[in-house]
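Numbers for residues simply follow the sequence, beginning at 1. Given the structure is predicted, the values throughout are model-derived calculations rather than measurements.
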Amino acid sequence: MNKDITPEISIGNRSKLPAIVERAVLRGNGLEHIAQPFGDKKWVTISPGDNRRIDIKWEFETYIDEVLKDPVEIDLTIKLGDEETEVKIPMVKTLG
């Protein structure tokens, strides 16, 4: 069993401003888990008109089957200029 999860998320920026992923929260089993940025410890910037696939990693103290109890959701906070937008991504656990 794993104690981490790294989903790949595709983000398209249709605005005229750069989009910056400011925060990523995984909500599951009644708890919130905040992801840490990769690389140089900064979140990804998506240029205007660009589509990017980003990996977001969460590490847990317990096994993921104990964390990922429905309902599970990823909440991204994305900043465009001075405005922040929250995007909620519902997840469904599949067997396989």
inquiry  = To check you understand the geometry: which heavy-atom pair defines the closest contact between Ser15 and Pro48, and what is its length?
reply    = O-CB, 3.3 Å
Could you tell me whether the side chain of [Y] reaches within less than 4.5 Å of the side chain of [X], counting heavy atoms only?
X: Val67; Y: Val72; value: no
X: Glu84; Y: Glu86; value: no
X: His33; Y: Val25; value: no
X: Asn51; Y: Asn13; value: no
X: Ile5; Y: Lys57; value: no
X: Asp70; Y: Asn29; value: no
X: Asp75; Y: Glu73; value: yes
X: Ile11; Y: Val21; value: yes

task = Report the distance from atom CD1 of Ile64 to atom CD of Glu59, rounding to the nearest 0.5 Å.
result = 12.5 Å
ask   = OG1 of Thr45 to CG of Asp50: how many Å apart, nearest 0.5 Å?
value = 11.0 Å
ask   = Going through the checks in order, is the side-chain contact (heavy atoms from CB on, under 4.5 Å) test met by Leu68 and Leu26?
value = CA-CA 9 Å; Leu68 299 180; Leu26 177 75; 3.9 Å; yes
Hey, quick one: are [X] and [Y] part of the same hydrophobic cluster, counting side-chain heavy atoms closer than 4.5 Å, chains of contacts allowed?
X: Leu17; Y: Val44; answer: no
X: Leu80; Y: Leu76; answer: no
X: Ile78; Y: Ile54; answer: yes

request  = Output, in order, the C-alpha distance, side-chain angles, deciding distance and verdict of side-chain contact (heavy atoms from CB on, under 4.5 Å) for Ile56 and Ile9.
outcome  = CA-CA 8 Å; Ile56 301 176; Ile9 297 174; 3.8 Å; yes
Under 6.0 Å from the [atom1] atom of [X], do we count more than 12 heavy atoms belonging to anything else shown?
X: Arg27; atom1: CZ; value: yes
X: Lys88; atom1: NZ; value: yes
X: Glu8; atom1: CD; value: yes

Geometric cation-pi criterion, Lys3 with Tyr63: 6.0 Å, 45° = yes
inquiry  = Suppose clustering is done on Ile, Leu, Val, Met, Phe, Trp and Tyr with side-chain heavy atoms closer than 4.5 Å. Which residues sit in the same group as Ile20?
reply    = none
